[in-house]
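Within every chain, numbering begins at 1; the chains are lettered A, B, ... in the order of the sequence lines, protein sequences first and strands thereafter. Values below: all heavy atoms of this structure, side chains included; hydrogens, waters and symmetry mates excluded. Only a predicted model underlies this, so the values are computations on that prediction, with no experimental measurement involved.
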Amino acid sequence: MAATLEDGVLRSEDGGKSWRGWNFGLLNWRVNTLCRDSRGVIWAGAESGLFRSDTDGRRWQDQPALVDTAINSLAAMAEGGLCLGTIDGALRCRLNPDAGWILTQQWGSPLNTICAIGERIAVLHGQAVSVGNGASRFELLPYTDVTCIAWLDKTRLLIGTDDGLVHGIDVG
Amino acid sequence: MFDQRQLAQNYSPPRQQAGILTQPDVHRAMLRGINKLVDAIQPTLGPRPRIVGIERHPRDTSPELLDDGAVIARRIIELPDQYENIGAMLLRGMLWRLSEAVGDGTATAAILYRTIFAEGLRYAAAGGDLTQLRRHLEAGLAAVMTQLEAQVMPLSDAAMLGDFARSVCADDDLADALTEMLAFTGDFGLVDIQGGQARAARCAYFEGNFFKSGSISGGSAAVELEDAALLLTDFDFKEPDEVLPILRLALREKIDRLLVVALNVAEPVAALFNRSETSSRLRIIAAKTPGSTTIAQAEALQDLAILAGGRPLLKVTGDTTNTIRSEHLGYARRVWLDKNYLSIRGGRGDTERLRGHLSKLQNAFEAATDADIGRGLRDRIGRLNSGFAILYTGGSTTSEIEARVTVTERALRTIRGALRRGVLPGGGLALLSCRDLLEERLNDSKTPDARAAYSILLKAVGAPFAVMAQNAGYEAPTLLAQLERGKPGMTSGCLYDGVYDSAAAQLEALRYAVTSATLALTVDAVVYRKAPEMALRPDGSG
C-alpha cells in the first residue's frame with residue numbers, strides 16, 4: 001500500500017506493477033503516512049485526521065478524537081499501541097487500543113518520522129533527533145541536518161543526514 | 001398473443017356486495033382470510049426457506065418466484081371472498097409497513113399475528129373480555145421485548161457477519177459476495193444490485209463519490225478529467241451568451257478542465273463547450289444536476305459543494321452567471337462522467353465541513369421514521385463516504401434473475417439493519433427462549449384475562465420455531481424435546497448452527513404482530529361497500 005498526497009491510499013496486488021485506489025470511507029485523500037499495528041489494523045494519517053481500517057485497507061473509518069489534526073508520521077508500538085506525529089510538532093501516543101490519546105511531547109517543528117521498537121521511540125522533528133524510553137523522557141541527540149532514522153535493534157539507531165553520512169550510534 | 005381486450009372481457013371481478021357483517025361472522029371470516037395469506041407466506045420462514053410462485057398475466061409467462069413474505073402479501077391484491085378479504089388486507093398492510101421499516105421478519109410476524117388472532121378468538125368465544133385481553137397482551141409484549149433486547153449481540157467480526165449473511169439468504173455464494181462487499185462499503189456505502197445471466201454472484205468496486213446523473217454535453221462514452229474545476233448550478237442553459245461569463249472566468253483563472261453541472265444544456269451551448277477545447281484549450285464537460293425533484297437537486301448540489309468546495313449558483317438565491325466569481329468553483333482530483341453516473345474523486349472541499357455534514361445526515365437518518373426519507377438519507381451518506389459497489393447476481397431465466405435480485409436486495413437491507421442493531425439467535429430460538437418468562441407471568445396472573453394473554457403469548461412465541469422446523473423437514477416436537485434436553489443436535493447441529501436473525505427485524509416483527517393482531521381482535525363489525533365497476537376493469541374501460 002502507498003500513501004499519496006493527491007490520490008489517497010493506493011494498493012498493488014502484483015508486486016508494484018499496477019496500483020489502484022482503495023479509498024472507501026476515506027474522507028481526506030491527502031494521506032501523509034500509513035502504518036499497520038501489531039493487531040493488524042491499518043492506520044492512515046492524513047492532512048485532516050486519522051483513519052483506521054479493520055478490513056485490510058478495504059474500508060476506512062474516521063477517528064473522531066483526532067479530526068482536526070494534520071498527521072505527518074505514525075509508528076506502531078507493542079500491544080496494539082500507536083504513536084503519531086503532527087505537522088505542528090506534537091507526539092501523541094495511545095498505549096493500547098482501549099486507551100485514549102495522550103500528548104506525550106511537543107517540539108517546535110514538524111514531526112516527520114517516528115520509529116518505535118519495543119519501549120524505545122526515536123523521533124525526527126525538523127532535522128533533529130530525540131530518543132525516548134517509553135513515551136516519555138526524550139533526550140535530544142547531537143546530530144543536525146538529519147533526514148531519516150531507523151532502529152537496528154533496541155539499542156542501536158541509524159541516523160541518515162543530508163551530507164550523505166549514516167551514523168550508527170548506541171543509545172542504550 | 002396477449003389480447004388486452006379479451007382479458008378485460010374474461011376478467012370477472014370478485015363479488016362485491018354492499019352490506020354489514022357482524023359477530024360472530026366478522027371474526028370467522030377475518031380468520032379465514034388471515035389463514036389464506038399466512039399459508040402463502042409461511043413456506044418462506046426459516047434457515048431453509050422455500051420459494052412461493054406467483055402466477056403472472058398473461059399466464060403463459062413464467063411465474064414470479066419469491067421468498068419475501070412482504071412481497072408475496074403485496075402480490076395478493078384481493079381475496080375472492082370479500083368477507084375474508086378484510087382480515088387478509090389488515091395483515092397485508094401490517095406486513096408491508098414492517099418490511100419498509102426493517103426489511104425482514106415478515107414471515108415471523110405473519111405467524112405470530114395468526115396465532116395471536118386465532119387464540120384471541122378462542123378466548124372471545126369463551127366469553128372473554130377482548131379489551132382487557134389487549135391490555136395484558138401489550139404488557140406481556142413489553143416484557144418479552146425487554147428479554148429479547150438483553151439477548152442482542154453485535155455483529156462483531158467477519159465470521160459472524162458471514163454466518164448471518166448465510167442465515168439471511170440461504171445461499172452461500174450470495175452470502176460470501178455480500179460479506180465481501182460489506183467489508184468495503186460498510187453499513188452506509190452506495191450499492192447497486194444488477195441482475196444478469198451469470199448465476200455466480202460477483203462484486204465490482206469503484207472509488208469516488210457517485211451521483212446518479214449523466215453527460216449532457218457529449219456522447220454516451222465515459223469521460224474523465226484530471227485536476228478539474230467544478231461549477232455547480234441548477235440553471236437551464238439555453239443560449240451561448242449565458243455561459244460566456246463562465247468561460248471568461250475559466251480563462252482568467254487559468255483553468256483548463258471544467259465540469260459544469262446544470263439542469264440542462266441546450267445544443268448551441270453544448271457545441272460552444274465542445275469548441276472551447278480547440279479554441280482555448282479549455283475542456284468543458286457538462287453533467288445533469290443529480291436528482292429528480294427540486295429538493296433532491298438542491299441536496300445533491302449541497303453534497304457536491306461540500307465534497308469539492310465552492311458554492312453552487314442557485315436560481316432561488318438570485319444568482320446568474322454574471323455574478324460568478326472564483327470562489328464559486330470547486331475542485332477535484334478527478335471527475336468521471338458517463339451516461340448514468342457522475343463521480344468525483346479527491347474533492348478539495350473542507351474535510352471538517354464534510355465531517356459535520358455527515359454527522360448531521362447520520363443523526364437525521366437515526367431519527368427518521370419514514371422509510372423513504374431514511375432511504376434518501378442513507379443514499380446521501382453513502383455517496384459522501386467515497387466508494388460505490390455493484391453486486392452482480394442472476395440466473396438462467398427471467399424469473400430466476402428477478403428472484404435472485406429480490407433476495408439480494410432484501411438480504412442487504414436486513415444485514416445493514418443487523419450491522420446497526422445487532423442480531424439474535426436464529427431459527428426462532430430467541431422467541432422460544434422467552435417461554436420461561438411467560439410461564440412465570442402466567443403462574444403469577446390473578447385474572448382470567450391476564451392468564452389468557454400470557455397463554456396466547458406462550459403459544460405465539462413457539463409458533464415460528466415450529467413452522468421453521470417443519471419447513472426444514474424436521475418434526476417440531478422432536479426438535480423441541482432435543483432442545484429441552486440440551487442435546488447438541490439442537491444448537492450446534494446442521495439446522496441451527498451459526499443461524500442468526502436481525503434483532504431489528506425480530507423485535508419489530510413481534511411488536512407489529514402483537515399490536516396489530518390485538519387491534520384486529522377488537523374489530524366488531526365490518527361495513528362493505530360496492531366498488532365502482534369501472535375501477536375493476538384491468539384495461540381501464542368503464
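- Scanning all heavy atoms of the two residues, the minimum distance from B/Ala296 to B/Gly291 falls at CB-CA, 3.9 Å.
- Closest approach of B/Thr351 and A/Leu27 over heavy atoms only: CG2-O, 3.9 Å.
- Using modelled atom types, no side-chain atom of B/Ser343 and backbone atom of B/Phe210 make a donor-acceptor pair closer than 3.5 Å.
- Here the side chain of B/Thr185 pairs no donor or acceptor atom with the backbone of B/Gly189 at under 3.5 angstrom.
- Here the closest non-hydrogen pair linking B/Gly310 and B/Ala305 is O-CB, 3.9 Å.
- Looking only at atom types and distance, the side chain of A/Asp145 has no donor-acceptor partner in the side chain of A/Thr147 under 3.5 Å away.
- Using a 4.5 Å cut-off between heavy atoms, B/Arg345 touches chain A through backbone and side chain atoms alike.
- Judged by distance alone, the side chain of A/Arg58 and the main-chain N or O of A/Thr55 form a donor-acceptor pair under 3.5 Å.
- Put simply, the side chain of A/Asp62 never gets that close to the backbone of A/Pro64: no donor and acceptor are under 3.5 Å apart.
- Contacts between A/Asn23 and chain B at a heavy-atom distance below 4.5 Å involve backbone atoms as well as side-chain atoms.
- B/Arg378 forms a cation-pi arrangement with B/Phe188, by the criterion of a distance under 6.0 Å to the ring centre and an angle within 45° of the ring axis.
- With a 4.5 Å cut-off on non-hydrogen atoms, A/Leu26 touches chain B through its backbone but not through its side chain.
- Of all heavy-atom pairs between B/Ala389 and B/Tyr205, the closest is CB-CD2, 3.8 Å.
- Of all residues in residues 172-182 of chain B, those placing a non-hydrogen atom less than 4.5 angstrom from a non-hydrogen atom of chain A are B/Leu182.
- Closest of all the heavy-atom pairs between A/Asp56 and A/Arg11 is O-NH1, 2.6 Å.
- Heavy-atom proximity under 4.5 angstrom to chain B picks out nothing from residues 106-113 of chain A.
- Residues of residues 33-51 of chain A placed with any heavy atom under 4.5 Å of a heavy atom in chain B are listed by number as A/Ser48, A/Gly49, A/Phe51.
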Legend entry - ring pair (Phe, Tyr, Trp, His ring centres under 6.0 Å) evaluation trace for A/Phe24 with B/Phe388: CA-CA 8 Å; A/Phe24 276 63; B/Phe388 175 50; 9.0 Å; no
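- With A/Trp101 contributing its side chain and A/Leu66 its backbone, the two residues share no donor-acceptor pair below 3.5 Å.
- Counting heavy atoms of neighbouring residues, nucleotides and ligands inside a 6.0 Å radius, atom CD of A/Glu79 does not exceed 12 of them.
- In terms of heavy-atom pairs under 4.5 angstrom with chain A, the leader among B/Ala158, B/Ala183, B/Gly387 is B/Ala183.
- The two atoms that bring A/Phe138 and A/Val123 nearest to each other are CE2-CG2, 3.8 Å, heavy atoms only.
- Of the possible donor and acceptor atoms, none in the side chain of A/Asn72 sits under 3.5 Å from a partner among the backbone N and O of A/Ile87.
- In this structure, B/Phe164 and B/Thr414 have side chains that are in contact, with non-hydrogen atoms separated by less than 4.5 Å.
- Using non-hydrogen atoms only and a strict 4.5 Å limit, the part of residues 353-365 of chain B facing chain A consists of B/Leu354, B/Arg355, B/Leu358.
- Side-chain atoms of B/Glu226 never come within 3.5 Å of backbone atoms of B/Arg334 as a donor-acceptor pair (strictly under, hydrogens ignored).
- Figure legend: cation-pi geometry between B/Arg202 and B/Tyr392, with NZ or CZ positioned under 6.0 Å from the six-membered ring centre and within 45° of its axis.
- A/Trp22 touches chain B through backbone and side chain together, each having a heavy atom under 4.5 Å away.
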